[in-house]
Number of protein chains: 2
Amino acid sequence: MDQPPREISIPTLADVARRAAVSTATVSRCLNSPDQVGKKTRERVMQAVADLGYAPNFGARALAAKHTNTFGAIIPTMENSVFARGIQAFQEELGRHGKTLLIASSAYQEALEEEQVRALVARGADALLLIGFHRDPKLYEFLKSRSVPCLIAWSYDEQLKQTAIGFDNAGAMAALAKLVFQQGHRHVACITAPIASNDRARDRVLGVQRAMKAAGLNPKDLHLTQTPYGIENGETALRKTLAEAPETTAVMCVNDVLAIGALRAAKELGLRVPQDISITGFDDIEIAMLAEPALTTVHVPHHEMGRRAAGMLIQMVKHTEPVQSVELPTDIRLRQSLGPAAS
Amino acid sequence: MDQPPREISIPTLADVARRAAVSTATVSRCLNSPDQVGKKTRERVMQAVADLGYAPNFGARALAAKHTNTFGAIIPTMENSVFARGIQAFQEELGRHGKTLLIASSAYQEALEEEQVRALVARGADALLLIGFHRDPKLYEFLKSRSVPCLIAWSYDEQLKQTAIGFDNAGAMAALAKLVFQQGHRHVACITAPIASNDRARDRVLGVQRAMKAAGLNPKDLHLTQTPYGIENGETALRKTLAEAPETTAVMCVNDVLAIGALRAAKELGLRVPQDISITGFDDIEIAMLAEPALTTVHVPHHEMGRRAAGMLIQMVKHTEPVQSVELPTDIRLRQSLGPAAS
DNA sequence: TTGTAAGCGTTATCAT
DNA sequence: ATGATAACGCTTACAA
C-alpha cells in the first residue's frame, strides 16, 4: 500500500510519470497523441492522471509547444446581441475543433482594442478575430511580426489586403435606401455611429448616398447625425435630427439599437410610425422584430458568419494555402416601421 | 554601425538584455518593479525594449511567476444582455486594477462549464467569477486544491459556504408575486428555466410559492412549465401552459426572455395583455421596457453587481482577510403587462 | 544597484 | 513503444 501523495501541491507531469512508472515524455504523448503509445501503458497513465487530478499547466505548455489552441476575439460591445450571436457560433465551431476562445470587449474604443490585441497575443492566442477593418496599421504589422493570423469579420472589402468575412455594408444599405425612396420619401436623414473610426457605419452611410444619387437626389443633401452607440443616444439623435431638418419623412439608422431609440423618441414626440415618419435599422437583432411597430432592417447572417469565420481562421493558422475572403449575402426585412412618405 | 537584428524572430528578454548590455534580471526588474533599478540603466533598457518591439511572453511569465493578473468569468449565455452588462462592468473595474478578464460561455450546459473552469484555471486564471451556486461539488474542490478563489454572482444565499454577490431571488420573486395576487389573480402559472441545474430559476419559483402560501393559496396548485432558455421557448411554453391550465390569468416567467416569448405567444393567440392575461418577467433587460405592452419585471442592479464583484475578487486573491458575501437590493418595475385579473 | 543561476512544467528531438 | 534530455522565456533568491 503505497502512501498516496498528499494533496499538498498541484500535481505535475512528473508526478503522473512517477505514479505510472513511465517517463514524462510518455505521459505527454498520452495526453497529446494517445495513439503513439501502447494500450496498457496508456491505461496506466490515464489512471494516474485521474488519481492525481492532474491538469496540464498552460503556461508551461505554451512555452514548450509554441501554440496554445487558443483563439482570441475582440468585439466592440457585449451590450447587445449584434455580436453575441456571431461570436457564440464562432465559439461553438472552434470548440468542435478543440480550440478555446478568449473574448475581450473594446467598448468601441480604439485604444482599448489595441491593448486587448496585445494582451491576447501575449497570452498566446494563435489567431485573432477582429471586427471591421479600421485600426492603426501598426497593429496589423504587429500581428504580422508575431505571425498571428487575423480575420476581419462584419466587413468585406475587395480592395483591402486583410482576409475578411462579411458583407457589403454599402450595398445592403443602398438596397434598403432604394426601397425607402420607392416609398416616395425625398427628405431622408441618417443617424449614424461615429464614422471616423467605424468603417461599417461609414459604408452604410455611403450606401444611402449612393442610392440618393441613383434616385436623382443630391447625396450632399443627406442630413447626418453622428452619435455614440446606445438606445438613449438614438433617442437624442432623432430629436436633434427633427429639430434641424423638420421636413424629414424617413430616418435611416446604421444599426438597430439607434433605430430603436429613434422609434422611442418618435413615440414620445407624438409621431406615428410609419404614418408621420418612417424609421429603418440595420442588423436585425432580436428587438427589431419585437419593437412596435416592428423595425424594417437589413438582416445579417450572424450565425453563419461566426461559424464560417472559425473554419477560415483554423485554415489560416495552418498557413498552408492562403484563405480567400468571403462575402455573405444580406437581405432586407420589410416590417411596419417603413411606410409611404406622408404627402 | 552595428547591424540591427533582422526581424527574423520574436525578441526575448535576453535580446533586450544583450542590446542594453545588462543582465536579463535587470530587464525583468525594469519591467516589473522599475524603481528597483537605476535611472540610467532603466532608460537604456526601455530604449532597447522599444527598439526591439519587445513584448513579454505570457506563458513563460506565468510559469515563472505563478500568477497572471488574469481573471476568468464563465457566463451561461451571451445571447442577451442579462449577463453582458454585469460582465462589462466587471471587466471595466478589473481593467482599472490592471487585470485582464477572460470570458467563456457555457451555453447553460453544466458539462461545458466544468470544461471552461478547467481551461481557465489551466491558462492561469488567478480567480474566477461564476454564476449561481449550482455545480458539481468536485469543481469547488478542484478550485480549492488549486487555490483559485471563486466568487459566485447573481445569487445570494447565507447558508452556503461560497462567497457570493447577488440578490435574494426568492424574496424578489415573492414580492412580485404578492403584487400579482393583490391584483386579484388566483390562477397563476409559472414558466421557468430547468430548475434542476439553475438555482436562480428554482429560487424564483420558490418565491412564487411562498407568496401563494401567504395569500392563502396552495403552493402545490402552481402550474409549472419548464423550458430551455430562449424567446421561442417562451412562446411554446405559454401555449402549453394555456392548453393545460386554461383558467390561468397570470403567467410569471423566471426571466425576461421567456416572458417576451410568452407575450408574443399571447398576441398570436389573440389574447390582450393585460386584459385577458397578465405576464411578468425577471431581470429588467432592455427589451422589457421596449416590449408592447412593456413588461412588469424585477430590476436587478447588474452594473453595480459587476463592479463590486471585481473589487471583491481582487480582495480574495490577496487572501488576507476573508471577504464577506454581499446581498444587493432589487426592485420591482411595474409596467403595463400586469393588470387586474379578468373577473 | 546589478549579475548569476536555479528553477517553473511542458514538449520535442534523439536515442534506444 | 518508450526514455533522456535539451530547450522554451521568464522570475527571483542569492551573491557580489
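Predicted model, so just to flag it, every value in this text is computed and none were measured.
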Just checking [X]: base, sugar-phosphate only, or nothing, at a heavy-atom cut-off of under 4.0 Å?
| X | value |
| --- | --- |
| B:Phe58 | nothing |
| A:Ala25 | base |
| B:Val22 | sugar-phosphate |
| B:Thr12 | sugar-phosphate |

Using the closest heavy atom to pick a nucleotide of DNA chain C for each, name whichever of B:Lys66 or B:Lys39 lands nearer the 5' end.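 So the residue in question is B:Lys39.
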Earlier contact from the 5' end, DNA chain C, for B:Thr26 and A:Ala64: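 Mapping each residue to its closest nucleotide by heavy atoms, the 5'-most match is B:Thr26.
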Step by step, work out the side-chain contact (heavy atoms from CB on, under 4.5 Å) result for B:Tyr108 and B:Asn198. CA-CA 9 Å; B:Tyr108 277 108; B:Asn198 183 329; 4.0 Å; yes
Tell me whether the side-chain N/O atoms of A:Arg61 come closer than 4.0 Å to OP1 or OP2 in C:dT11.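 For C:dT11, OP1 or OP2 has a side-chain N or O of A:Arg61 closer than 4.0 Å.
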Does a side-chain N or O of A:Ser28 approach OP1 or OP2 of C:dT11 to a distance below 4.0 Å, or not?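 Result: yes.
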Sole residue of B:Thr12, B:Leu13, B:Asp15 in side chain to side chain contact (heavy atoms under 4.5 Å, CB included) with B:Thr24: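 Going through B:Thr12, B:Leu13, B:Asp15 one by one, the side chain to side chain contact (heavy atoms under 4.5 Å, CB included) with B:Thr24 is satisfied by B:Leu13 alone.
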From C-beta outward on A:Leu13, which listed nucleotide comes closest to its side chain: C:dT11, C:dG9, C:dG3?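 Ranking C:dT11, C:dG9, C:dG3 by closest atom to the A:Leu13 side chain puts C:dT11 first.
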Could you check which of C:dT11, C:dC8, C:dT2 has an atom nearest any side-chain atom of B:Arg29?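 Among C:dT11, C:dC8, C:dT2, the one nearest the side chain of B:Arg29 is C:dT2.
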5' to 3' contact window, DNA chain D with chain A (heavy-atom distance under 4.0 Å):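 Listing 5' to 3', DNA chain D meets chain A from D:dA1 to D:dG9.
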To the nearest Å, how far apart are [X] [atom1] and [N] [atom2]?
| X | N | atom1 | atom2 | answer |
| --- | --- | --- | --- | --- |
| A:Asn32 | C:dT10 | CG | C1' | 9 Å |
| B:His67 | C:dC8 | NE2 | P | 17 Å |
| B:Lys40 | C:dT2 | NZ | P | 11 Å |
| A:Gln36 | C:dT11 | CD | C1' | 12 Å |

Would you mind checking if A:Glu141 and A:Lys144 are paired as a salt bridge, meaning a charged N to carboxylate O distance below 4.0 Å?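 Not counted as a salt bridge, because no side-chain N and carboxylate O are separated by less than 4.0 Å.
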Would you kindly compare A:Gly38 and A:Thr24 by the position of their nearest DNA chain D nucleotide and give the one closer to the 5′ end?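 Its nucleotide being nearer the 5' end, the pick is A:Gly38.
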Can any side-chain N or O of B:Arg85 pair as donor or acceptor with the backbone N or O of B:His303 at less than 3.5 Å?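 Pair absent, no side-chain N/O of B:Arg85 close to backbone of B:His303.
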Applying salt bridge (charged side-chain N to carboxylate O under 4.0 Å, His left out) to B:Arg96 and B:Glu93, what does each step give before you reach the verdict? CA-CA 5 Å; B:Arg96 252 170 246 130; B:Glu93 184 69 10; 2.3 Å; yes
Given B:Lys99, which of B:Thr68, B:Asn69, B:Asp126, B:Thr70 fulfils the side-chain hydrogen bond (donor to acceptor under 3.5 Å, both in side chains) condition?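 Exactly one pass, corresponding to B:Asn69.
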Does A:Gln324 have more than 12 heavy atoms from other residues, nucleotides or ligands lying within 6.0 Å of its CD?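 No - once you tally the heavy atoms of other residues, nucleotides and ligands closer than 6.0 Å, there are 12 at most.
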